[in-house]
Structures are given as C-alpha cells and as structure tokens.
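Working notes, beginning with the structure itself.
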Amino acid sequence: MEKTFQPADIESRWYQEWESKGYFAPQGGEEAYCIMIPPPNVTGSLHMGHGFQEAIMDALIRYHRMAGFNTLWQVGTDHAGIATQMVVERQLEAQGTSRKALGRDKFIDKVWEWKEESGGTITQQLRRLGSSMDWTRERFTMDPGLSDAVQEVFIRLFREGLIYRGQRLVNWDPSMHTAISDLEVVSEEEQGHLWHFRYPLTNGEGHLTVATTRPETMLGDTAVAIHPEDERYAHLIGQTIDLPLTDRKIPIIADDYVDREFGTGCVKITPAHDFNDYEMGRRHDLPVINILNDDAAINDSAPEAYRGLDRFDARKQIVADLDALGLLDKIDDHTLKVPRGDRSGVVIEPYLTLQWYVDAKTLAQPAIEAVEQGNINFVPKQWENTYFAWMRDIQDWCISRQLWWGHRIPAWYDDTGKVYVGASEAAVREEHGLDDKLPLHQDEDVLDTWFSSALWTFSTLGWPEETPELATFHPSSVLVTGFDIIFFWVARMIMMTLHFRKEVPFHTVYVHGLVRDIEGQKMSKSKGNVLDPIDLIDGIELEPLIEKRTGGMMQPQMAKRIEKSTRKQFPDGIDAYGTDALRFTYYSLASTGRDIKFDIGRIEGFRNFCNKIWNAARYVLMNCEGEDCDQQDMGELELSLADRWIIGRLQETETAVAQAVEQYRFDLASQALYEFIWNEYCDWYLELSKPVLWDENASSEAKRGTRRTLIRVLETWLRLLHPFMPFITEEIWQTVGPLAGKSGATIMLQPYPKADPATVDTAANADIEWLKDVIVGVRNIRGEMNIPPGKELTVLLKNGDDTDKSRLELMAPFLRKLAKLGDITWLSAGEDAPVAATALVGNLEILVPMAGLIDQDAELARLAKEIEKLEQDLKRIQGKLSNASFVDRAPAEVVSKERDKLQAQEQALTKLREQEQRIREM
RNA sequence: AGGACUAUAGCUCAGUUGGUUAGAGCACCUGCAUGACAUGCAGGGGGUCCACGGUUCGAGUCCGUGUAGUCCUACCA
C-alpha cells in the first residue's frame with residue numbers, strides 16, 4: 001500500500017467495476033426502498049447543489065441496500081424546455097441562423113443532436129460522485145414511454161374538465177415569445193422612476209395628474225381611477241379625460257383598490273398590461289386595448305407615431321412627447337419590483353393570450369390533505385407550512401408554452417377553431433367521426449417542462465402500464481430536494497400522483513439547504529464564486545480556475561474583480577481531495593434547517609481523515625497479513641480489556657449512525673464515524689494493540705485475540721462507513737474482508753453492521769476509561785513541563801484503592817507503553833513520597849518525582865491553575881446546595897449528584913493544596 | 001405587508017424531553033522524525049451562548065420584546 005491515500009485511480013476503477021457488474025440494480029429483499037432522482041437538465045452540468053443532493057441520496061441508497069432492502073435509485077434527466085431551447089437558439093445565432101429560419105422539424109432535430117452531444121456530461125459527472133443509481137433504467141422525460149404518460153395525463157385531465165383553454169393575462173417573455181407560469185417570474189427591486197403626467201379633463205376645467213412607472217402603457221389606458229371616498233376627486237367621477245397622444249376619451253372611475261396615499265391618488269388603468277388593472281377592467285367593464293406585439297414592441301392599436309417601437313424606446317418617446325405638450329409634471333426616483341423571466345432575464349410583460357390551464361384548485365385539495373394527514377412528511381417539518389400556504393391559495397397553472405422543444409399539446413383544431421383532444425390526429429378523427437377531408441391542425445404549443453416532471457415517480461416506472469416495478473417501488477420512499485422547487489415540482493408531483501395513482505408519490509420529503517459560498521452568497525456564474533465539485537475532487541490550478549470563472553463574462557470589470565477574489569481565496573489553486581473527502585464534507589455540513597456555507601478548510605480536514613483511514617488499514621494489515629487472526633475460531637483465544645472495550649464502542653457507534661440516518665442527520669452520522677475511527681480506534685485502540693502485538697512475553701492467545709479484534713473491528717467499520725465514503729472503504733475492504741473471514745466480490749453488497757448490545761462490556765469500558773485518565777494525567781504533566789515524549793518517567797501511585805491496584809496489575813504494560821513509563825511504584829498507606837508533580841484520577845494520586853526533571857515554579861503554576869478551576873467549580877456547587885429551594889425542589893437524584901460532586905471536588909482540592917504546600921517547602 | 005429561518009470559540013458548525021466544568025474541525029501557541037500516518041503524535045490557550053425581560057430550585061435550551069442577517073409569498077400604480 002502507498003504511504004498516503006491516492007484517490008484518483010481507485011475511484012474510476014471501482015465505479016466502473018460496480019456499474020459493469022450490475023451492483024446498482026435492485027437485488028431483491030423483503031421490503032422495497034426507492035428514491036427517484038430529481039432529474040437534472042439533460043444538457044446541464046454538475047454544480048455544488050447537485051453534489052450535495054446526490055451525496056445524501058447515495059448515502060441513503062447504499063445504507064438501505066446494505067441493510068437488505070430491495071433498493072432502486074431511479075435515474076434520469078429532464079428535457080428542460082426553455083433552458084435547452086435557449087442554448088440551442090444561441091448556438092444557431094452564433095452560426096448566423098435562427099430557429100425560425102430552420103423551421104420546427106429541423107430545429108427539433110438540432111436540439112436532439114445537442115442532447116446527444118452534451119447529454120453525457122451530467123451523467124458522467126454523477127458517476128464521479130460515486131452515486132449508485134441504476135443506469136440500466138435511465139429515463140429521459142421525452143422518451144417514448146414518458147411522452148405517452150404525458151399525453152395520457154393531458155387527455156384524461158381534459159376529459160375530466162381539469163384542463164381547459166382560456167384567454168387571460170399571462171406572464172409573457174418577449175425574448176422567448178412564450179407564456180411562462182407565475183413561478184418562472186422572479187421580481188427583484190430595481191431603481192426606476194415614477195413619472196407624473198397631466199391628463200386633461202375633457203370639460204377643459206384642468207387636469208388630473210397620474211403617476212406611473214411604465215409610461216408606454218398609457219397608450220392602452222382605458223380609464224383613470226380614484227378612490228371612491230377621496231374628496232379631492234369625488235366630483236369628477238363619471239367625467240372623462242382626453243387621453244394625450246391619442247384621440248380617445250376615457251372615463252374617470254371610482255374603485256377602492258386605489259391607494260389615496262400613493263402618488264397623486266389617481267391611477268391610470270391599462271387592463272391589457274397590468275394584472276390589477278385587468279381585474280379592475282373586468283369590474284368596470286372597461287375595454288382592453290393591447291398595444292404590444294409578441295416582441296413587446298408597440299403594435300398597430302397604438303397611434304402611428306409609436307408603431308414598431310420597442311417598449312423602452314416607446315417609453316422615452318412618450319415621455320418626451322408629453323413633456324413637449326407640457327403634460328409632464330415631474331419625474332421622481334423610485335424603486336420598484338421588476339418582473340423578469342428566471343431563464344431569459346428579460347422584463348416580463350402581462351400579455352393577453354389564449355393558453356391552456358390546469359385547474360390546480362381541484363387537484364390541490366387531496367394534495368393538501370395528504371400532508372395534513374401525515375401520509376407525506378416533510379423533513380424538517382416547517383416546510384409543510386410553506387407548502388400549505390401556497391397550496392391553499394393556488395392559482396390555475398398555465399401549462400402551454402410557445403416553444404418547440406417539449407411535449408407537443410395533443411389537441412387539434414378545425415377551421416372553425418373547434419378543439420379536439422386525443423392521442424393523435426387519426427384517433428381524434430376516429431373518435432369524433434371527422435371526415436378525412438376536414439382539415440385539422442395540431443396545436444403549435446408544447447407543455448411546461450414541469451408538467452412531465454410532475455409525473456416522474458410513476459412515469460419512470462412504466463405507467464400507464466401496470467408494471468411490476470410500479471407495484472414494487474411506488475410510492476417511493478423519500479424525495480430529496482431543495483426548497484426552491486417545492487412549488488415547481490414537489491407540490492405538482494403530489495397533485496398529479498394522487499389524482500392518477502390514488503396514492504402518494506413518496507412518504508417523506510427531505511428538504512436540504514442551499515449550498516452557498518464561504519460568505520453565504522448564492523453561488524452563481526455571474527458572481528464568479530462557483531465551485532465545481534469535480535474541481536474539488538480532481539483539483540485545479542489557479543490559472544485554469546480563473547479562466548473557468550471569468551470565461552464568457554460580459555463585463556470586463558466584473559471579470560477583473562472575480563479574478564482578484566479568486567487569486568486571494570485560492571492562491572495555489574485547489575488541491576485534489578477526492579470524492580470521499582468531498583462527500584464526507586457534505587455530510588458533516590448537512591444539519592437540517594439551514595443553508596450550507598461551503599468552507600474549503602473542512603474538505604481538507606476530511607482528506608486527512610481519508611489518509612488516516614488508509615494508514616490505520618496499513619497498520620492493521622502489516623500486523624495481521626500472514627498471521628493467525630483466528631477468524632475460524634480454531635485456537636485458544638484471549639481478548640484484552642482494550643479488545644473488549646473497542647468492540648463495545650463499535651456497537652455504540654453503529655447505534656448512533658443508524659439513528660442519525662433514520663433521522664436524516666448526516667452531520668451526526670459523519671461525526672460519530674469520525675470520532676470513533678480517529679479518536680478511539682486509531683488514537684487509542686491501535687496504540688493499545690501495540691503492547692500486545694510487540695511484546696515477546698505476551699501469550700499467543702492474547703496476540704491472536706488482538707489480531708482478530710483489530711481486523712474484525714476494522715472490517716466492520718469499513719462497512720459502517722461505506723455509504724458515506726464508498727471508494728476508500730471498497731479499496732481497503734478488498735484486502736481486509738477476506739482476512740476477517742468475509743467472502744464476496746464487493747463491500748457494497750455486504751450486510752450493514754447492526755449493533756449487538758450484548759457485546760458491550762461496561763466493566764471493560766470503565767477499566768479503559770481509568771487507563772486513559774492515568775495516561776492523560778501523565779501526559780499532561782509531561783506536556784506542560786516540556787518533558788520530551790521520548791524521556792522515560794518514573795511514577796509513584798499513592799492513595800489508590802483495591803480497584804486501582806487490580807487495574808494497575810492488569811494494565812501495567814499498556815500504561816508503560818502509552819505513557820512511556822519506567823518504574824511504577826505502588827505506595828502503601830503512610831509511605832513517604834518524594835516531592836512530585838501530581839495528577840489525580842479519582843482518589844488515586846499519580847506522582848512524577850520532580851528531582852532533576854521539573855521546575856518548581858512551573859509545577860506551582862500548573863497546580864495553581866488546577867486549583868483555581870476546582871475552587872470556582874466548588875463555589876458554584878456550594879452555592880447550589882446552600883440554596884434551600886434547590887435542595888427542596890430539585891429531584892433527589894440531581895441533588896445527590898451535586899453532593900457527590902462536592903465531596904469529590906473537595907477531596908481533590910485538599911490534595912492539590914497539600915501538594916502545593918510540599919513543593920513550596922522544597 | 002405577511003411568514004419562515006438564523007445568531008454559540010478567530011472561522012465553519014454541533015449542543016436531544018431544561019440538570020456535571022458548553023463541544024468538534026480548521027486556525028493559533030508549546031514540544032516531538034514514537035517502528036500506520038508530519039495529510040502525523042502529545043499537550044495547551046481561546047466563549048457576556050446577539051440584547052433585555054419573564055417562567056423555573058435551575059435557561060445556550062422554554063416564553064415575550066427588541067436588534068442584526070438570510071430567505072419565501074404577496075404587492076405599491
């Protein structure tokens with residue numbers, strides 16, 4: 001074995017082996033366990049959020065697979081309508097052509113080409129993380145089977161009246177020329193202006209001043225509204241104004257939606273271009289004048305002067321024209337929320353169009369009940385509130401998109417516009433008895449990507465066929481996801497699955513936090529603070545990292561700033577830490593209910609942990625390979641106290657890990673493993689094994705017992721650790737497993753360790769704790785007095801009882817080796833002791849004679865420190881016990897505990913003071 | 001405007017139904033090539049648990065108010 005752990009070569013080797021041997025496929029077992037991957041964008045690439053999420057799912061999957069469940073991790077990718085179409089459109093643009101120039105069919109061919117070309121990136125990256133998903137079952141949302149499911153759902157919902165077509169205001173993306181849902185609009189505060197315009201009254205008696213953030217929409221105004229109780233304007237209700245720049249007269253209406261305090265208290269009403277105005281228009285039966293075309297340029301409903309102008313150019317022009325007419329009152333600075341498309345980033349327009357909708361209110365009801373009744377549980381629980389809040393006020397879901405990449409809507413129209421919904425044109429003709437000569441054309445639109453995602457848990461298992469997989473693995477066990485897609489995806493899956501399967505899609509929703517950078521900022525390409533999980537695994541030099549972060553930057557100043565901060569944060573680039581270290585870092589940070597600030601320092605610590613594991617295995621193998629480790633229970637055997645102790649501690653660790661995983665506390669699981677492996681197995685047990693293995697006088701039974709324990713405990717915790725660190729554990733297990741008497745080709749299909757409380761030896765635990773206390777006591781003196789660790793010490797033990805004495809006899813070799821002691825002398829009562837530095841373990845005094853070794857003042861200082869600690873503690877305990885109400889009201893158990901403590905501390909204090917006195921008198 | 005979450009060591013974070021002296025990793029200080037590991041070993045320093053008030057024999061933990069920060073939903077023409 002190499003002296004240090006080298007992750008790179010073993011990782012690719014093992015993943016390939018696992019996959020090619022089919023280990024990821026369900027292996028049978030009584031109970032099924034299933035996780036559906038949140039399908040990543042097929043043309044996307046891995047980011048830290050994926051890394052975190054996949055690590056959690058893989059731990060759950062490997063854990064349950066080893067625990068004997070029939071385990072399926074269903075993998076697949078999403079066609080990601082808008083995102084993917086945008087990428088391909090940009091490529092075409094770069095090639096000097098366009099989607100429209102190509103035409104629908106050729107364009108879709110191009111997207112498929114791009115999918116084939118780049119679709120392997122994300123799936124290869126998932127493999128790098130060690131994720132043990134069943135690749136033979138990989139699905140894509142536009143696979144024939146899944147497309148059938150989409151069509152089936154659409155048709156059935158339509159027939160049930162739960163899908164309908166309607167003309168209303170939608171969020172329109174003028175760059176993509178498509179409607180998008182409310183969820184795809186992100187509103188951020190931006191600096192803007194509030195323009196005040198004077199609208200002249202038709203009767204010539206002055207004007208009303210209206211305030212607007214969107215001057216260009218005035219061309220579509222069809223009223224001015226005031227509050228019905230606003231005395232300033234009450235007399236004007238029912239009159240009209242002459243809308244400037246047009247030849248229209250529009251009414252002054254009263255509506256209590258108007259806020260009297262805001263602006264002038266007069267609002268221009270543009271029903272075609274504002275959601276609130278649209279509602280008001282309906283209440284007052286106002287005309288709806290749409291002044292925009294699909295590009296959000298001014299259309300022919302507007303006066304000629306503005307036709308064809310982009311909305312923002314039109315804005316400037318209109319402001320200038322009104323100013324020229326003396327109708328511009330003033331311009332105030334104003335911050336407002338600007339709605340932008342989450343993909344395109346352009347300003348979204350409320351736009352009147354005909355779209356398809358899902359009746360979400362009806363579907364939401366059972367979905368709300370499922371969570372209320374506990375058929376689905378959110379972890380952490382508070383996310384249920386978020387879910388309820390949204391579901392109880394849910395709006396109908398606009399599902400049609402004016403895109404080409406996606407599932408085309410299975411609806412056909414005749415020349416009169418009558419709609420026929422069915423699986424195909426032929427099916428529609430047949431069903432409705434339509435003549436072959438009657439021309440039909442299919443709806444041009446596709447469905448929202450999330451429509452197919454909503455079916456993911458059952459469409460991937462073969463629905464609408466009643467497949468065996470569906471019967472076995474649905475409902476799935478747990479959904480692991482981020483809070484950002486609770487509405488987009490989780491809620492819609494619950495609705496659709498309950499409707500079509502009459503069962504929940506999953507029993508638990510584990511909601512993890514967002515991975516942020518060290519400053520708590522969201523990682524984003526534009527901020528240049530993105531960490532690529534692959535770079536943490538493989539490492540990356542500084543220059544390529546800078547290139548990666550600044551490449552394709554629009555603004556050069558931005559690039560400069562990013563370069564600077566990158567150079568500062570990673571002066572030497574990023575080391576190669578390996579997948580296991582990265583995964584363990586994720587687990588250690590995965591406490592529930594909070595986001596994750598990713599600290600590069602922690603991954604380094606876990607890389608070191610990998611190295612520790614590696615070297616522990618080297619030590620064990622050096623001492624056990626080719627030796628009799630008694631795995632067949634053949635020979636006489638003697639287990640040392642240390643052997644019995646570590647076996648017990650292993651059981652406790654197994655319990656802790658199992659409990660943590662059941663509660664999705666991967667941070668606690670990783671911590672329990674880390675502590676056990678490093679602080680107990682390596683720091684103490686391996687050291688305690690040396691006095692046995694290296695002692696020529698030790699019996700062969702004892703040596704066999706220790707070797708057997710070394711190898712067995714190691715083999716067990718390798719299995720215990722495997723779901724979290726799959727690669728290093730597999731690599732080591734290949735050698736260790738057989739030595740421990742295990743057969744099998746891979747650790748990943750071995751049984752997961754289960755605690756056996758019967759093997760916890762409490763007496764051995766107490767003995768080893770005593771031993772540790774004594775050793776630490778001596779080491780403390782050594783450390784504080786700067787006595788070199790190599791220098792052998794003489795100690796005297798004083799005031800011990802029979803237990804101390806028998807423990808000493810039993811464990812003297814351990815004590816000698818680990819504390820580096822020479823003579824150990826047991827002082828009888830009343831026997832004189834030399835002046836010495838002292839450590840206390842209970843009543844037992846451990847004396848290290850000072851002569852020639854220890855500086856008087858240094859020991860006095862050390863004692864003073866100990867004494868002060870004790871005194872402070874004592875004061876607190878005395879205070880407590882002299883408080884009558886504490887003694888009366890606290891449980892007797894607590895009180896007696898305090899009394900015991902008081903006594904022990906008092907004794908210790910007395911002893912240390914005596915010591916202090918003796919040293920002073922030296 | 002409504003709601004959620006967070007505040008503990010220099011940094012990143014644990015801390016269970018309230019009950020020993022509030023913990024870990026990293027960083028820091030001291031010593032050490034000790035035959036698995038210097039990606040290591042041993043020892044050590046470091047905390048007004050955001051503030052105030054309340055409940056309680058007892059509060060990092062429960063309740064209230066406030067401050068700071070993060071986020072979500074709705075929305076201001």
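Only this structure's heavy atoms are used, side chains among them; waters, hydrogens and symmetry mates stay out.
Each of Ile728(A), Thr4(A), Thr579(A) was evaluated against Cys610(A); a single residue qualifies, Ile728(A), per the side chain to side chain contact (heavy atoms under 4.5 Å, CB included) test.
Between Phe609(A) and Phe606(A), the ring-plane angle classifies as perpendicular under the 30° and 60° cut-offs. Phe584(A) and Phe724(A) have perpendicular rings, their planes meeting at more than 60° on a 0 to 90° scale where under 30° would count as parallel. Under the 30°/60° scheme for interplanar angles, the aromatic rings of Phe378(A) and Tyr387(A) are found to be tilted.
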Any protein N or O atoms within reach of nucleotides 16-19 of chain B? Criterion: under 3.5 Å, listing atom names and distances.
none

Strictly under 3.5 Å: I want the nitrogen or oxygen pairs between protein and nucleotides 5-8 of chain B, one per line.
unit_1: rC5(B); atom_1: O2'; unit_2: Gly593(A); atom_2: O; d: 3.4

Between the protein and nucleotides 41-44 of chain B, which nitrogen or oxygen pairs come in under 3.5 angstrom?
unit_1: rC41(B); atom_1: OP1; unit_2: Lys612(A); atom_2: NZ; d: 2.6
unit_1: rC41(B); atom_1: OP1; unit_2: Trp678(A); atom_2: NE1; d: 2.8
unit_1: rG44(B); atom_1: OP1; unit_2: Asn780(A); atom_2: ND2; d: 2.8

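When heavy atoms are screened at a 4.0 angstrom cut-off, Lys690(A) is found touching base atoms of the nucleic acid. Within 4.0 Å of Tyr674(A), counting heavy atoms only, lie sugar-phosphate atoms of the nucleic acid but no base atom. Among the heavy atoms of the strands lying under 4.0 Å from Leu686(A) is at least one base atom, whether or not backbone atoms are also near. Base engagement by Trp694(A) is indicated by at least one non-hydrogen atom pair under 4.0 Å involving a base atom. Residue contacts for Arg862(A): at a heavy-atom cut-off of 4.0 Å it reaches no nucleic acid atom on any strand shown.
Applying the ring-ring contact (aromatic ring centres under 6.0 Å, His included) criterion to His273(A), with sequence neighbours excluded, gives no partner residue. Residues satisfying the ring-ring contact (aromatic ring centres under 6.0 Å, His included) criterion with Tyr619(A), sequence neighbours excluded, are absent altogether. Qualifying side chain to side chain donor-acceptor pair (under 3.5 Å) partners for Glu871(A), counting only residues two or more places apart in sequence or in other chains: Arg913(A). Among residues two or more places apart in sequence or in another chain, the ring-ring contact (aromatic ring centres under 6.0 Å, His included) test is passed with Phe52(A) by His512(A), Tyr586(A). Applying the side chain to side chain donor-acceptor pair (under 3.5 Å) criterion to Gln663(A), with sequence neighbours excluded, gives no partner residue. For the ring-ring contact (aromatic ring centres under 6.0 Å, His included) test, residues two or more places apart in sequence or in another chain that qualify with Trp678(A) are Tyr674(A).
A salt bridge links Glu349(A) with Arg311(A); the closest basic N to acidic carboxylate O contact falls under 4.0 Å. Salt bridge absent: Glu184(A) and Arg340(A) never bring a charged side-chain N and a carboxylate O closer than 4.0 Å. A salt bridge between Lys597(A) and Asp517(A) is absent, with no side-chain N of the basic residue lying under 4.0 Å from a carboxylate O of the acidic one. We find that Asp329(A) and Arg198(A) are joined by a salt bridge, their nearest charged nitrogen and carboxylate oxygen being less than 4.0 Å apart. For the pair Arg214(A) and Glu216(A), the salt-bridge criterion is met [side-chain N within less than 4.0 Å of a carboxylate O]. Salt bridge status for Lys880(A) with Glu898(A): present, with a side-chain N to carboxylate O gap under 4.0 Å.
Nearest to the side chain of Glu687(A), among rG35(B), rG15(B), rC37(B), sits rC37(B). When distances are taken from the side chain of Ile518(A) to each of rA36(B), rU30(B), rU12(B), the shortest belongs to rU12(B). If you check rU39(B), rA14(B), rU21(B) against the side chain of Asn611(A), the one that comes closest is rU39(B). Taking every side-chain heavy atom of Leu668(A) into account, rA14(B) is the closest of rC13(B), rA14(B), rA36(B). When the nucleotides rA24(B), rA36(B), rU30(B) are ranked by their closest atom to the side chain of Gln671(A), rA24(B) comes out on top. Side-chain atoms of Arg618(A) lie closest to rC37(B) of the nucleotides rC37(B), rG35(B), rU39(B). Among the nucleotides rC37(B), rG40(B), rA14(B), the one closest to any side-chain atom of Asn608(A) is rG40(B). Here rG31(B) is the nucleotide among rG31(B), rU12(B), rA36(B) with the atom lying nearest to any side-chain atom of Pro789(A).
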Which letters describe nucleotides 72-77 of chain B, given B = protein heavy atom under 4.0 Å from base, S = only from sugar-phosphate, - = neither?
-SBBSB
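When the P atom is compared between rA14(B) and rC75(B), the two are found 35 Å apart, to the nearest whole Å. A distance of about 25 Å separates the C1' atoms of rU16(B) and rG54(B), rounded to the whole Å. Distance noted for atom C1' between rC71(B) and rG64(B): 24 Å (whole Å). A distance of about 7 Å separates the C1' atoms of rU8(B) and rG60(B), rounded to the whole Å. For the P atom pair drawn from rC50(B) and rU61(B), the interatomic distance equals 8 Å after rounding to whole Å. For the C1' atoms, the distance from rC41(B) to rA36(B) is 12 Å, rounded to whole Å. Straight-line distance between the P atoms of rC32(B) and rA24(B): roughly 25 Å, to the nearest whole Å. Comparing the same atom, P, in rC76(B) and in rC5(B) gives a spacing of 28 Å after rounding to whole Å.
Ile603(A) places its CD1 atom 16 Å from the P atom of rC13(B), with the value rounded to the nearest Å. Nucleotide rU20(B) holds its C1' atom 16 Å from the CZ atom of Arg899(A), rounded to whole Å. Put simply, CZ on Phe606(A) is 16 Å from P on rU12(B), counting in whole angstrom units. For Leu673(A) and rA24(B), the CG to C1' distance is 15 Å, given to the nearest whole Å. Atom CD1 in Ile677(A) sits about 15 Å away from atom P in rG40(B), given to the nearest Å. One interatomic measurement links the two molecules: CD of Glu868(A) to P of rG45(B), which rounds to 12 Å at whole-angstrom precision.
Checking the phosphate oxygens (OP1, OP2) of rC11(B), no side-chain nitrogen or oxygen of Lys597(A) falls inside 4.0 Å. Contact annotation: Arg665(A) reaches the phosphate of rG15(B) (side-chain N/O to OP1 or OP2, under 4.0 Å). Under 4.0 angstrom from either OP1 or OP2 of rA38(B) there lies at least one side-chain N or O belonging to Lys3(A).
A donor-acceptor pair under 3.5 Å is absent between the side-chain atoms of Asp332(A) and the main chain of His193(A), judged by distance alone.
Helical stems in RNA chain B, defined as runs of 3 or more consecutive Watson-Crick or G-U wobble pairs with both donor-acceptor distances under 3.5 Å, are listed by first residue as B:1-7 with B:67-73, B:10-13 with B:23-26, B:28-32 with B:40-44, B:50-54 with B:62-66.
Using modelled atom types, one finds a donor on one side chain and an acceptor on the other under 3.5 Å when comparing Asp873(A) with Gln905(A).
Residue pairs meeting the salt bridge (Lys or Arg N to Asp or Glu O under 4.0 Å) criterion with at least one partner in residues 778-790 of chain A, sequence neighbours excluded, are Glu784(A)-Lys865(A).
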